[in-house]
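Below: the structure, in structure tokens.
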Amino acid sequence: VPGQEWLIVDRRLAAARAYVRQHGLDRISGAEPRAPLGIVAAGKTYSDVIQAFADLGVAQAELAGSGVRILKLAMTYPLVEETVLELAQSVDVLLVVEEKRPFIETQLRAILHEAGCSARVVGKRDREGRPLVSQVGELDASQLVSVLMKLSPELAARRARVIHRKPRLLSVQPPPRPPEYCSGCPHNSSTVVPEGALVGGGVGCHGIMYF
């Protein structure tokens, strides 16, 4: 279609940013401006960030008192420049948390550079170039606990107090449960073969037949 590329770049992406901005879909919560730490996250990663703070003894309602502002992105591409700049100009350090490659971080750095904003940004690497947020494997709350403690000695101290207060739980070994098919699974009957028959299978739930 003639003009399709122009329509996407100059119209549709701009319209998407305007829609997110106007309806407040990107949400900033936590501390007021001039906070020590700002965090950018989206989707499951946002939930992991909240869980990491909970593991550090900081409930979501206590983030404001802990000097943390969090931007929960509703759209990871394209980022809304105005919202990103508002957050960056209101914190001392900006942490970008995302799985795998630095997709959001690269956009954010470009926006800040073009705006002449000198906010300190860390993500996949810290200010000294050392690995910070892993870009391999799965990212979870336990890994983010370590990241947050590196950025904030106060959080590291809180973690030590939480571990000290945490009650010890008795280890209970549940009874063994053999694997079984889900209700209604066709493999439940289709894998029943005559005795002595030679059969084979691939990777899947039908592998239960070997048990």
What pair of heavy atoms forms the shortest contact from [X] to [Y], and how long is it?
X: Ala141; Y: Asp48; answer: CB-O, 3.6 Å
X: Ala74; Y: Leu25; answer: CB-O, 3.4 Å
X: Met75; Y: Leu79; answer: O-CD2, 3.9 Å
X: Ala115; Y: Leu85; answer: CB-CD2, 3.6 Å
X: Ala35; Y: Gly67; answer: CB-O, 3.6 Å
X: Leu112; Y: Ala88; answer: CD2-CB, 3.7 Å

Taking a hydrophobic cluster as the set of Ile, Leu, Val, Met, Phe, Trp and Tyr residues connected by side-chain heavy atoms closer than 4.5 Å, whether directly or through intermediates, do [X] and [Y] fall within one such cluster?
X: Leu132; Y: Leu108; value: no
X: Ile28; Y: Val20; value: no
X: Val40; Y: Ile50; value: no
X: Tyr46; Y: Leu87; value: no
X: Val133; Y: Leu94; value: no

Counting C-beta onward and ignoring hydrogens, is there a side-chain heavy-atom pair between Val97 and Leu139 closer than 4.5 Å? yes

Indicate yes or no: at least one non-hydrogen side-chain atom of Val122 is less than 4.5 angstrom from one of Val96.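 When only atoms from C-beta onward are counted, Val96 and Val122 do not touch, as no gap falls below 4.5 Å.
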
Can you tell me how far [atom2] of [Y] sits from [atom1] of [X], rounded to the nearest 0.5 angstrom?
X: Ser134; Y: Lys124; atom1: OG; atom2: NZ; answer: 6.5 Å
X: Leu63; Y: Ile70; atom1: CG; atom2: CD1; answer: 4.5 Å
X: Leu151; Y: Asp92; atom1: CG; atom2: CG; answer: 12.0 Å
X: Thr45; Y: Leu144; atom1: OG1; atom2: CG; answer: 7.5 Å

According to side chain to side chain donor-acceptor pair (under 3.5 Å), does anything in residues 108-121 pair up with another residue at least two apart or in another chain? List the pairs. Glu105-Arg109

Side chain to side chain donor-acceptor pair (under 3.5 Å) contacts touching residues 72-81 (sequence neighbours left out):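 Listed by first then second residue: nothing to list.
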
Quick test of your reading: applying salt bridge (Lys or Arg N to Asp or Glu O under 4.0 Å), list the pairs with at least one residue in residues 136-151, sequence neighbours left out, ordered by first then second residue. none

Which pairs, with at least one residue in residues 22-42 and sequence neighbours excluded, count as a salt bridge (Lys or Arg N to Asp or Glu O under 4.0 Å)?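 Output for this query is empty, none listed.
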
[X] side-chain N/O to [Y] backbone N/O, donor-acceptor pair under 3.5 Å:
X: Gln135; Y: Arg101; value: no
X: Glu98; Y: Ile104; value: yes
X: Ser66; Y: Val68; value: no
X: Thr106; Y: Pro102; value: yes

With a 3.5 Å cut-off and sequence neighbours excluded, list the donor-acceptor pairs that the side chains of residues 7-19 form with protein atoms.
{"unit_1": "Asp10", "atom_1": "OD2", "unit_2": "Trp6", "atom_2": "NE1", "d": "2.9"}

Salt-bridged, Arg21 to Glu86, with N to O below 4.0 Å?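 Here Arg21 pairs with Glu86 in a salt bridge, since their nearest N and O are under 4.0 Å apart.
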
How would you list, by chain and number, every residue that makes a salt bridge (Lys or Arg N to Asp or Glu O under 4.0 Å) with Arg127, sequence neighbours excluded? none

For residues Arg69 and Ser90, is any side-chain donor paired with an opposing acceptor at under 3.5 Å?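 A donor-acceptor contact under 3.5 Å links the two side chains.
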
